[in-house]
2 protein chains.
Amino acid sequence: MSQVSKPVPVPGRRATKQRAAVVELLTTVNDFRSAQELHDELRKRGDGIGLTTVYRTLQSLSEAGEIDVLRTGSGEAVYRLCSSHHHHHLVCRVCGRTVEVEGPAVERWAEKIAAEHGFTDIGHTVEITGTCAEHAAP
Amino acid sequence: MSQVSKPVPVPGRRATKQRAAVVELLTTVNDFRSAQELHDELRKRGDGIGLTTVYRTLQSLSEAGEIDVLRTGSGEAVYRLCSSHHHHHLVCRVCGRTVEVEGPAVERWAEKIAAEHGFTDIGHTVEITGTCAEHAAP
DNA sequence: TTCGCTGCAAATGCTTTGCAAACAG
DNA sequence: CTGTTTGCAAAGCATTTGCAGCGAA
């Protein structure tokens, strides 16, 4: 057979304390954070880690499908552990207030649409923006 | 009193050929384009326009609510005239193939959720990502 | 004639890359 | 040991800003 035992095209991830620290922090906050915020937080905690490493770790985690990535309006990328409870954001254009909302219907709709087009391994991003009651124009 | 007569509240937009060219191009393509793509296209056409102006025009158009803006995975911002038929994108993570999909249900869901939280003047962004049939892992 | 608009060049801010030293396996 | 990972410094990109000249109202 052509069944070889180890063609290992996978680089082979190593367990370092920096990687552990990033994952641990993401687990703790369980919400979206930018690479720089995570870096600041880790340094404050005393974990000696470079910004470059944070970026590279986040990139490899996202490639491995372990974290979700999305872009903020200002062009920053924010990351969050995949797992957890999936929710979306409703954000006020004026004051920036954010409300977390759930949308089982949307989840199902996205899965269905994607499946209809032959897509698999589906993920999605939904962002609702508006003006909150406090700042509605008269 | 300290009540002066002209604190000049409204900036007052002017009609320039550059602004017209940007709007005209957006009307023609009627799809999302990055600032740099729009700039290249305009120069090829012979419209003398600076990249800075394209950026500033797009920014003022989006503040005026005349165009939609969203961020691509690579951190670029893409713009499209608001009007037109509202649709969302289903994009393949591997080959980048994009399918336009509609989601009346999502539109309604977004409106409802936002209204429940006292939000008005609602807008939303939905992006579905997945792996298309051509590139599905075995 | 007025300001706003334009656009070049330079500055910003986020993210990535080059490379030598530190480290896990 | 051997190949990864780290992290500093520097490079890359998209986007923004400073400022002098141009042009629409």
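Every heavy atom of this structure was used, including side-chain atoms; hydrogens, water molecules and symmetry mates were not. Just so we're on the same page: letters track the sequence lines, and every chain starts at 1.
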Asks: Using ring centroids (six-membered ring only for Trp), state whether A:Y55 and A:H39 fall under 6.0 Å.
Replies: no

Asks: For A:H39 and C:dG13, give me the distance from atom NE2 to atom C1', rounded to whole Å.
Replies: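 About 15 Å, once rounded to whole Å.
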
Asks: Taking 4.0 Å as the cut-off, does a side-chain nitrogen or oxygen of B:Y55 come that near to OP1 or OP2 on D:dT16?
Replies: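 Looking at the OP1 and OP2 atoms of D:dT16, neither is under 4.0 Å from any side-chain N or O of B:Y55.
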
Asks: Would you say D:dG7 has OP1 or OP2 under 4.0 Å from some side-chain N or O of A:T53?
Replies: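 The answer is yes; a side-chain N or O of A:T53 sits under 4.0 Å from OP1 or OP2.
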
Asks: To the nearest angstrom, how far is A:L42 atom CG from D:dT6 atom P?
Replies: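 Whole-Å distance recorded here is 12 Å.
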
Asks: Please give, in whole Å, the distance from C:dT6 C1' to B:R19 CZ?
Replies: 12 Å

Asks: Counting only side-chain heavy atoms from C-beta out, which of D:dT16, C:dT16, D:dT15 sits nearest to B:Q59?
Replies: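 Closest of the options to the side chain of B:Q59: D:dT16.
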
Asks: Map B:Y79 and B:A15 onto DNA chain D by nearest heavy atom, then report which one ends up closer to the 5' terminus.
Replies: B:Y79

Asks: Side chains of A:T120 and A:I122: does their closest heavy-atom pair fall under 4.5 Å?
Replies: no

Asks: For A:E76 and C:dT15, give me the distance from atom CD to atom C1', rounded to whole Å.
Replies: 11 Å

Asks: Rounded to whole angstroms, how far apart are CZ on A:R33 and P on C:dC14?
Replies: 16 Å

Asks: Whole angstrom is fine here: how far is it from CG in A:L70 over to P in C:dT15?
Replies: 12 Å

Asks: Nearest whole Å is fine: how far is D:dT17 P from B:L51 CG?
Replies: 14 Å

Asks: So does A:E100 have more than 12 non-hydrogen atoms from other groups sitting under 6.0 Å from CD?
Replies: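 Yes, the 6.0 Å shell around CD holds more than 12 heavy atoms from other groups.
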
Asks: Rounded off to whole Å, could you give me the CG-to-C1' distance for the B:D47 and C:dG7 pair?
Replies: 15 Å

Asks: Look at the side chain of B:T16 against the base of C:dC5 and say whether a donor-acceptor pair falls under 3.5 Å; ignore hydrogens and angles.
Replies: no

Asks: Treating B:R71 as the side-chain partner and A:G73 as the backbone partner, does any N or O pair qualify as donor plus acceptor under 3.5 Å?
Replies: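 A pair under 3.5 Å: yes.
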
Asks: Is a donor on one side and an acceptor on the other found under 3.5 Å between the side chain of B:T28 and the backbone of B:E24?
Replies: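 Looks like yes, one N/O pair under 3.5 Å.
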
Asks: So if I take every side-chain heavy atom of A:Q36 and compare against D:dT16, C:dC14, C:dC8, which nucleotide ends up nearest?
Replies: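 Nearest to the side chain of A:Q36 among the choices is C:dC14.
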
Asks: Between B:K17 and B:R71, which is nearer to the 5' end of DNA chain D once each is assigned its nearest nucleotide?
Replies: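 So the residue in question is B:R71.
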
Asks: Under 3.5 Å, is there an N or O donor on one side and an acceptor on the other linking the side chain of B:R56 and the base of C:dG7?
Replies: yes

Asks: Check whether the side chain of B:R14 and the base of C:dC3 form a donor-acceptor pair under 3.5 Å.
Replies: yes

Asks: Is A:Q18 near enough to C:dC23 that one of its side-chain N or O atoms lies under 4.0 angstrom from OP1 or OP2?
Replies: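 No, no such contact exists.
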
